Amino acid sequence: MRNMGYNETDYPYWVRDDGAKMLGNYIMIAANLQLRPRGTIVDTSLGKGIVCDTGDFAKNNPTQIDIAVNW
């Protein structure tokens with residue numbers, strides 16, 4: 001995300017009290033990058049998320065998202 005212009009000053013990485021990993025004001029999420037490219041903003045049950053990554057889950061569940069947490 002840093003290489004895409006999401007700099008540390010405007011988009012600091014931090015962890016919310018509930019364990020959600022954050023990039024600035026956005027919850028970090030993984031998604032199918034063919035449907036939701038990196039940087040896409042997505043509504044989640046925990047607030048606005050930003051697509052930062054993908055995972056193997058996207059092969060079988062292309063519309064699923066994965067919220068990044070530290071627990």
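No experiment lies behind these values; they were computed from the predicted model shown.
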Distance-minimising heavy-atom pair for [X] and [Y]:
| X | Y | answer |
| --- | --- | --- |
| M22 | I27 | SD-CG1, 3.6 Å |
| N7 | D10 | OD1-N, 2.6 Å |
| V42 | R36 | CG2-CD, 3.7 Å |
| L33 | R38 | CD1-NH1, 3.1 Å |

Could you walk me through whether I29 and D66 satisfy the side-chain contact (heavy atoms from CB on, under 4.5 Å) test, starting with their C-alpha distance in whole Å, then the side-chain angles of each, then the deciding distance to 0.1 Å, before giving a yes or no?
CA-CA 5 Å; I29 62 173; D66 184 24; over 6 Å; no
Please verify the inter-ring angle class for Y11 with Y26; under 30° counts as parallel, over 60° as perpendicular, anything in between as tilted.
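Parallel, since the angle between the ring planes stays under 30°.
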Less than 4.5 Å apart, any side-chain heavy atom of Y13 and any of R2?
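Side chain of Y13 against side chain of R2, heavy atoms only: contact under 4.5 Å found.
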Flag side-chain contact, heavy atom, 4.5 Å: V69 against K21
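Not in contact.
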Could you see if M28 belongs to whatever hydrophobic cluster contains I67? Use Ile, Leu, Val, Met, Phe, Trp, Tyr and a side-chain cutoff under 4.5 Å.
no
Joint hydrophobic cluster, I65 plus W71, side-chain heavy atoms closer than 4.5 Å
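Yes; W71 is reachable from I65 via cluster members.
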Trace of the side-chain contact (heavy atoms from CB on, under 4.5 Å) decision for N32 with T63:
CA-CA 7 Å; N32 181 329; T63 59; over 6 Å; no
If you round to the nearest 0.5 Å, how far is NZ of K48 from CD1 of I41?
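Nearest 0.5 Å value for the CD1-NZ distance: 8.0 Å.
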Acceptor/donor pairs from residues 49-62 side chains to any protein atom, 3.5 angstrom cut, sequence neighbours excluded:
residue : atom : partner : partner atom : Å
T54     : OG1  : A31     : O            : 2.8
N61     : ND2  : Q64     : OE1          : 3.3

Under 3.5 Å donor-acceptor, W14 side chain and G24 backbone:
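A pair under 3.5 Å: yes.
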Does CD belonging to E8 count more than 12 external heavy atoms closer than 6.0 Å?
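Yes, enclosed.
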